[in-house]
Amino acid sequence: MPLAIQALFVALLFSSIASAAIVEHVFHIKNVLVKPLCKEQMIPAVNGSLPGPTINVREGDTLVVNVINNSTYNITIHWHGVFQLKSSWMDGVNMITQCPIQPSNNFTYRFDITGQEGTLLWHAHVLNLRATLHGALIIRPRSRRPYPFPKPYKEVPLIFGQWWNMDVGLLNIRPAPLSDAYLINGLAGDSYSCSKKRMFKLKVVQGKTYLLRIINAALNSHLFFKIANHNVTVVALDAVYTTPYVSDVMILTPGQTVDALLTADQPSGLYYMAISPYTSAHGQPFPAQVTRGLIIYEDTVKSSSSVMPLMPELNDISTAHRFSSNITALVGGPHWTPVPRHVDEKMFITVGFGLEPCPLGTKCPGYLGQLYAGSLNNRSFMYPESTSLQEAYFYNITGIYTDDFPDQPPLKFDYTDFVMRTESDYKMMFPEKRTSVKTLKFNSTVEIVVQNTGIVTTESHPMHLHGFNFYVLGYGFGNYDPIRHARMLNLLNPQMHNTVGVPPGGWVVLRFIANNPGAWMFHCHMDAHLQYGIGMAFIVQNGETSLLSPPSNLPQCTRDPTIYDSPTAKVDFSY
Ligand code: C2O
C-alpha cells in the first residue's frame with residue numbers, strides 16, 4: 001500500500017475510533033397504570049412510558065442498558081435486528097441466551113452496534129410482555145457520514161402497538177384474545193371512545209421533508225399504514241437501505257420497520273395517517289379497527305376538516321404482496337454486500353399450524369376437537385426450562401436440546417392444498433414437541449426455502465432470524481418449485497431483512513452467512529404463533545471468532561423457574 005494511502009487509512013481508522021461513543025441507559029421496569037382507552041390498566045413499562053424510551057446511537061457505538069426489574073414479571077430485553085457480533089449473550093431471549101431477570105433483580109446489557117444503520121426496536125422477549133415493553137432503537141451513520149438520501153428536515157419515530165383491555169399476564173392463553181385497539185406512539189386516537197383527544201399529531205411545515213421511522217411493535221397483527229393524499233418514499237426496511245420506492249401504502253409485519261420520507265407537498269390542511277390490520281387467515285374473526293393520527297400543516301385554518309385515507313381491505317393480499325416483494329436493496333449503499341453465490345447448507349422448512357392432542361377429560365373446541373399448535377418441519381418448539389439453550393451448548397450440558405432439526409419436512413405433500421386423506425396425513429397434523437436445533441459451521445452460507453402450509457389454515461407468518469440479516473431472494477404463492485422458481489430468484493439486488501412475511505399459501509427463499517457464533521432463534525414474530533411452537537434455533541459454531549464465556553452476572557434460572565407469571569389456561573377457538 002502506498003504510504004499516502006496508508007496514512008489516510010490510519011487517519012480514517014482513527015476518526016472512526018474517535019467518533020465511537022458509549023451510550024448508556026437505565027431501563028427501570030415497573031408496573032404502572034395507564035389508560036389508552038376507557039379503562040385504567042396496570043402494565044409493566046420501562047421508565048413509566050408506553051412505548052418505552054427511544055434509544056439513539058450511531059453505528060460503531062457501544063450501547064449499555066442497565067435493566068432494573070421492579071415489575072412482577074420475569075423479563076429479558078431483546079435488541080431486535082441487532083447483529084450482536086461477538087456478543088450473543090446480550091441477545092436477550094428468554095431461555096435461549098439467558099435465564100430471565102427476575103423481579104427485584106437487574107442485568108446490564110452491553111454490546112457494540114456495528115455494520116448496520118436505520119430503525120430497529122427493542123422489546124421484552126418473554127412471551128406476551130412485548131405488548132407493553134418495547135421502544136425504538138435508532139442507529140444513525142457514524143459522524144459526518146450523510147444518509148444515502150436527501151437530508152430530512154426532521155425525524156419522527158412512529159411506533160405501532162396493540163392494546164388489550166386486560167392484564168398482559170392474561171394474554172398468555174391460546175389463542176391470544178382479540179385486541180381492543182392499535183396504538184400510534186401509545187395513543188389510540190379519535191376512532192375509539194375515551195381517547196378522542198389522545199391522538200398522535202404531527203405538525204409539518206409546507207415543503208419540508210420528514211423521515212418517518214416506522215416500527216410495527218404489535219404483538220400479533222400485520223398492519224397497513226397510509227397517509228391521506230400523500231405518497232412516501234421508502235428508503236430502508238429493517239435497517240437496511242433500499243432503492244427509493246414511492247408508495248401510498250405500506251405494510252409491516254410484527255417486528256418489521258420502514259424508514260420513509262414524507263414531504264409536506266399538499267395544500268395546507270389536516271390529513272389523517274391511519275393503521276389497520278391485515279389478516280390473511282381465512283375466516284378469522286378479526287375486528288377491522290382503524291387507528292388514526294393527524295398531520296397538521298403549519299398554517300391550517302381552524303375550521304378545516306380532516307382528510308381520511310382509504311384503507312386496504314382486511315385481507316388485501318395483493319397490496320400486501322406488492323409492497324413486500326417489490327422493494328430492492330440499495331446496491332453499493334452503506335453496508336451493502338453482494339449475495340453469496342455458493343450455498344453450503346440448503347434447508348426446506350415448512351411453516352404452519354397443526355394440532356395438539358386435547359388433554360384427556362377436557363373438551364377442546366378446535367379443529368377435530370383438538371388444540372391448535374404450530375411447527376417448523378413438523379417440530380413444535382419448546383423452550384428449555386432449566387438452563388438456557390446457549391448455556392447448555394457452552395457448558396456441554398446434555399438433555400436440554402437435541403441437535404437434530406431436520407433440513408426437510410418428514411413428508412413431502414401438497415403443502416398449500418393440504419387435504420387430510422391418509423393416516424400419515426393425520427399424523428402430519430400433530431407436530432412433535434421438541435427443543436431441536438440445527439448446528440451450522442462458522443461462515444457457512446445457508447439457504448432456506450420457507451414453505452407455508454395449508455394445514456388447518458393458511459396465514460402469513462413473519463419469520464424473524466436473530467443475529468443476522470438475510471437476503472430475500474424470492475417470494476411466491478403455491479408450492480415452491482426447485483427448478484422453475486430457483487431460476488427466478490433475485491441474486492442481484494434482493495432486499496435484506498431480519499423479518500419477512502411468508503405469503504399465505506406461499507413461500508420465500510432466504511440466504512444468510514452464519515458468521516457469528518452462538519444460539520440464534522428463527523421464529524414467527526406473531527407472539528401467539530411463537531407460543532404455538534413456530535420456532536427453532538440455530539447454533540453457529542466457533543471459527544475466526546468464538547463464543548466467549550457468559551458475563552459473570554448473567555441471570556441464573558431458579559430451580560423451579562417461573563417462566564410465565566400468568567395463568568396457563570388454554571382457551572381455544574373455532575374457525
Ligand atoms: Cu423481535 Cu425473537 O424477536
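As the structure lists them, so they are numbered: ligands from 1, and atoms in each ligand from 1.
Between D407 and K438 there is a salt bridge, with a side-chain nitrogen of the basic residue lying less than 4.0 Å from a carboxylate oxygen of the acidic one.
Between the side chains of T337 and Y471, at least one donor N or O sits under 3.5 Å from an acceptor N or O. The closest side-chain donor-acceptor pair between H523 and H464, if any, does not fall under 3.5 angstrom.
Between the side chain of Q256 and the backbone N or O of T499 there is at least one donor-acceptor pair closer than 3.5 Å.
Ring-plane geometry between H497 and F470 is classed as tilted, the angle between the planes lying from 30 to 60 degrees on a 0 to 90 degree scale.
The distance from atom 1 (Cu) of ligand 1 to the nearest N/O/S atom of H464 is not under 2.8 Å. Residue side and main chain included, H80 places an N/O/S atom under 2.8 Å of atom 1 (Cu) of ligand 1. Atom 2 (Cu) of ligand 1 has H466 among its coordinating residues (N/O/S atom, backbone or side chain, under 2.8 Å).
Restricting H523 to its N/O/S atoms, the shortest distance to atom 2 (Cu) of ligand 1 is reached by NE2. Within H525, the N/O/S atom positioned nearest atom 1 (Cu) of ligand 1 carries the name NE2. If you look at H123 and ask which of its N, O or S atoms sits nearest atom 1 (Cu) of ligand 1, the answer is NE2.
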